[in-house]
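All remarks here apply to the structure that follows.
Atom set for the values below is all heavy atoms of this structure, side chains included, hydrogens, waters and symmetry mates excluded.
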Amino acid sequence: MTNTPQVPAMHALPDGEAELSLVVRLPWEDLARLGQEAGRLASQMQRPVTLDEAVSHRLRSARPSASHARPSGEQPAAASTAVTSLPRISGTA
């Protein structure tokens, strides 16, 4: 048992976003790349930037708009072929 305070895994923010708390194990090389990303972002924003901010920025800029925000009939083009292009595991129907 640890004596560290328990932080809720997720909570809503006043601006309508949510904040998640999680632990991620990364190789040192990935951590160094995150540090470089934080440095680039800090240079752009002209202020110190945490690794948390760098990760959030990377996640926001690396993904298209949220799929749950699309109208119900609209699906991304790749979604219809992704499952059928997976290799079949032998012994399954």
Side-chain angles (χ1 to χ4, degrees):
M1 186 168 184
T2 64
N3 292 330
T4 58
Q6 294 297 317
V7 177
M10 181 173 60
H11 66 277
L13 299 175
D15 62 2
E17 295 185 347
E19 184 173 277
L20 301 172
S21 299
L22 58 110
V23 175
V24 179
R25 293 180 63 160
L26 298 172
W28 285 109
E29 295 82 16
D30 291 344
L31 189 59
R33 282 191 285 274
L34 281 174
Q36 290 173 342
E37 178 72 17
R40 282 191 293 273
L41 194 55
S43 178
Q44 287 176 351
M45 300 176 89
Q46 299 295 310
R47 66 172 178 80
V49 173
T50 66
L51 289 179
D52 291 349
E53 287 178 284
V55 169
S56 293
H57 182 265
R58 175 56 65 116
L59 289 172
R60 288 172 188 263
S61 63
R63 65 175 171 81
S65 63
S67 61
H68 67 275
R70 288 189 179 94
S72 61
E74 186 180 333
Q75 292 295 323
S80 61
T81 60
V83 174
T84 57
S85 65
L86 294 174
R88 175 169 254 158
I89 298 172
S90 61
T92 60

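- Under the 4.5 Å side-chain heavy-atom criterion for Ile, Leu, Val, Met, Phe, Trp and Tyr, L34 and L22 are members of the same hydrophobic cluster.
- Between the CD atom in E37 and the OG atom in S61 there is a gap of 6.5 Å [rounded to 0.5 Å].
- For Q46, there are no side-chain contact (heavy atoms from CB on, under 4.5 Å) partners at least two apart in sequence or on another chain.
- Note: the hydrophobic cluster containing V49 does not contain L26 (ILVMFWY, side chain heavy atoms under 4.5 Å, direct or indirect links).
- From R40, atom CZ reaches atom NE2 of H57 across 10.5 Å, with rounding to the nearest 0.5 Å.
- Between V24 and V55, the closest side-chain pair of non-hydrogen atoms is not below 4.5 Å.
- Residues L51 and A38 come closest through the heavy atom pair CD2-CB, 4.2 Å.
- Every residue two or more places apart in sequence or in another chain was checked for a side-chain hydrogen bond (donor to acceptor under 3.5 Å, both in side chains) with D52, and none qualifies.
- Every salt bridge (Lys or Arg N to Asp or Glu O under 4.0 Å) that R47 has, sequence neighbours left out, goes to E53.
- Here the straight-line distance linking atom CZ of R58 with atom CG of L41 works out to 10.0 Å at 0.5 Å rounding.
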